[in-house]
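Encoded as structure tokens, the structure appears first; notes follow it.
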Number of protein chains: 2
Amino acid sequence: MDNLKGRAGEILPALVTTPADLKQSRQKREERSDAVQNRLKILEVAKALFAKNGVEKVTMTEIAETACIGKGTLYRHFSYKGELCLALLQETSRAFQNDVLSGFGEEGRRTTALGRLYLYVDRSIDFMEQNHALLRPALENASAQHNTDQLVAYASMRLLGAVLLKEAVASGECRSDLDIEYMTDALQGLLGIELFIYQRQAIGLSVDRLKAGVRQVLEGIVTKS
Amino acid sequence: MDNLKGRAGEILPALVTTPADLKQSRQKREERSDAVQNRLKILEVAKALFAKNGVEKVTMTEIAETACIGKGTLYRHFSYKGELCLALLQETSRAFQNDVLSGFGEEGRRTTALGRLYLYVDRSIDFMEQNHALLRPALENASAQHNTDQLVAYASMRLLGAVLLKEAVASGECRSDLDIEYMTDALQGLLGIELFIYQRQAIGLSVDRLKAGVRQVLEGIVTKS
DNA sequence: TATCTTAGCGGACTGTAGTCCGTTTGTCAA
DNA sequence: TTGACAAACGGACTACAGTCCGCTAAGATA
């Protein structure tokens with residue numbers, strides 16, 4: 001398994017760059033026109049099938065057949081269902097990611113480092129609420145898979161949490177003996193999609209309750225005053 | 001998806017009772033002798049194969065072939081690999097579960113409710129360290145699956161955390177406005193096997209660091225004195 | 001326009017999960 | 001001991017994931 005430590009530098013830029021962008025800059029030839037067409041067709045078909053039958057129920061074979069392409073072609077574009085989900089999430093994600101990266105715009109600028117950490121939590125939970133159907137398959141087995149996009153997506157989120165935590169500690173708002181590295185993962189755990197779905201659907205907690213809950217945990221590491 | 005709320009009463013007794021015990025008390029006829037033999041053979045073969053090739057690599061088909069039984073027979077006993085892992089975990093689990101249920105013996109009696117919560121964390125992490133290879137397949141997709149044993153195992157752990165948290169709040173050691181229900185899930189999240197494996201293997205945190213980390217989080221909800 | 005190169009295509013193929021159902025056999029009652 | 005019955009067996013079968021590799025045609029070159 002890859003060790004993600006210290007890869008922050010390479011990962012961050014990827015956040016604001018789509019895989020397509022990267023490919024174009026790395027490769028000599030552009031993608032062939034039929035390949036572009038097929039990619040679009042796959043995404044279109046997948047989107048429709050997911051909407052109709054639910055992500056879980058749709059098989060890769062079904063997608064290939066519906067799109068009238070061979071399985072080889074499908075797998076050339078997306079090596080498993082999660083990658084397809086990730087691609088469908090791209091548009092939505094970008095807005096979210098830019099928001100986080102920009103420091104949450106005006107709202108973020110008006111508050112402290114700790115405030116931005118809270119904003120990060122709220123936005124993450126909102127994002128999960130809106131996209132959990134695609135997020136689960138997109139991230140499952142993230143640590144086991146060796147899929148680059150998935151690792152990047154996961155590591156990016158982790159890094160953002162780490163940065164915000166570090167800032168909050170540096171600004172003196174959090175206890176200085178905090179194990180930031182552990183807390184980063186703990187935060188990722190609390191904001192994990194599996195836990196989210198369990199809490200929302202099996203336990204029935206509301207979005208606001210989840211936000212308040214994470215906040216309550218974070219309040220615990222705040223410098224006592 | 002099942003709502004687990006309020007099922008505490010039925011779940012707790014199951015913890016100290018093996019599936020076999022339950023079957024015996026519920027059914028008229030005892031299990032047929034050839035069935036008992038086959039079950040033992042399957043467990044034996046699975047244990048050996050898991051040890052030799054790693055749980056991930058071993059397939060259900062391979063287990064059936066090695067045990068010289070039909071696939072139907074295998075699936076009659078264990079409907080998927082995780083159930084097999086759960087069965088193999090039974091012995092080890094029981095010691096752990098009894099320990100928790102007994103209130104951590106002498107050590108638990110000498111300390112406070114909060115102390116027992118910390119003990120619970122430590123023991124859980126130790127347990128994961130020893131059994132993660134079987135625990136991951138045993139619990140994966142726990143929320144999605146409708147497997148009874150799995151739900152019981154998961155819900156039992158959740159309940160124990162809830163009880164210990166409640167006691168700690170009742171004894172005045174934790175902030176009284178704590179959202180216990182949320183915190184229960186959060187604790188489950190922090191003690192989740194997926195996060196554990198990620199932190200241990202991908203990030204490389206030590207067992208002691210994990211214990212200390214969870215404790216740091218819990219210290220945050222402790223009544224300030 | 002003709003030729004060449006190779007990215008991309010597609011479907012046959014392999015391996016696994018999991019089901020189905022006709023057959024076998026352990027157990028119990030007479 | 002025998003017959004009846006259901007529990008248990010087992011392997012053929014279906015469905016899906018994912019790979020492989022020979023073929024097709026896009027588009028670069030001249």
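We name chains A, B, ... by the order of the sequence lines, and we start the count at 1 in each one.
- B:Leu74 places its CG atom 15 Å from the P atom of D:dA8, with the value rounded to the nearest Å.
- The side chain of B:His77 contributes no N or O atom lying less than 4.0 Å from OP1 or OP2 of D:dA8.
- Contact between the side-chain N/O atoms of A:Ser79 and the OP1/OP2 oxygens of D:dG18 is not found at any separation under 4.0 Å.
- Summarising the geometry, the separation between CZ on A:Arg39 and C1' on C:dC9 is reported as 15 Å, rounded to the nearest angstrom.
- For the helix from C:dT1-D:dA30 to C:dA30-D:dT1, the angle separating the two terminal helix axes comes to 0°, with each axis derived from five pairs and the value rounded to 10°.
- Not a single ring pair (Phe, Tyr, Trp, His ring centres under 6.0 Å) links B:Tyr118 to another residue, sequence neighbours left out.
- Counting to the nearest Å, the C1' atom of C:dA17 and the CD atom of B:Glu65 are 13 Å from each other.
- Here C:dT19 presents its C1' atom at 19 Å from CZ of B:Phe78, a figure rounded to the nearest Å.
- Distance NZ (B:Lys57) to P (C:dG15): 16 Å, rounded to an integer number of Å.
- Sorted by first then second residue, the salt bridge (charged side-chain N to carboxylate O under 4.0 Å, His left out) pairs that include residues 40-51 of chain B, not counting sequence neighbours, number zero.
- In this structure A:Thr184 satisfies the side chain to side chain contact (heavy atoms under 4.5 Å, CB included) test together with A:Arg158, A:Ala162, A:Leu165, A:Ile180, sequence neighbours excluded.
- There is a side-chain donor-acceptor pair under 3.5 Å between B:Glu83 and B:Ser79.
- Residue pairs meeting the side chain to side chain donor-acceptor pair (under 3.5 Å) criterion with at least one member in residues 57-71 of chain B, sequence neighbours excluded, are B:Thr61-B:Lys71.
- By the ring pair (Phe, Tyr, Trp, His ring centres under 6.0 Å) test, A:Tyr182 is found to be paired with no residue, residues two or more places apart in sequence or in another chain being considered.
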Report task. Any chance you could list the contact pattern along nucleotides 10-17 of chain D? Use B for base contacts, S for sugar-phosphate-only contacts and - for none, protein heavy atoms under 4.0 Å, 5' to 3'. Result -> BB----SB
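- Scanning for side chain to side chain contact (heavy atoms under 4.5 Å, CB included) contacts around A:Asp122 gives A:Lys211, A:Arg215, with sequence neighbours left out.
- Listed by first and then second residue, the salt bridge (charged side-chain N to carboxylate O under 4.0 Å, His left out) pairs that reach into residues 96-105 of chain A are A:Asp99-A:Arg123, sequence neighbours excluded.
- Partners of B:Ser206 under the side chain to side chain contact (heavy atoms under 4.5 Å, CB included) rule, at least two apart in sequence or in another chain, are B:Asp208, B:Arg209.
- Residues passing the side chain to side chain contact (heavy atoms under 4.5 Å, CB included) test with B:Thr73 are B:Asn38, B:Ile69, B:His77, sequence neighbours excluded.
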Nucleotide N/O of nucleotides 3-7 of chain D paired with protein N/O under 3.5 Å:
unit_1	atom_1	unit_2	atom_2	d
D:dA7	N3	B:Arg32	NH1	2.5

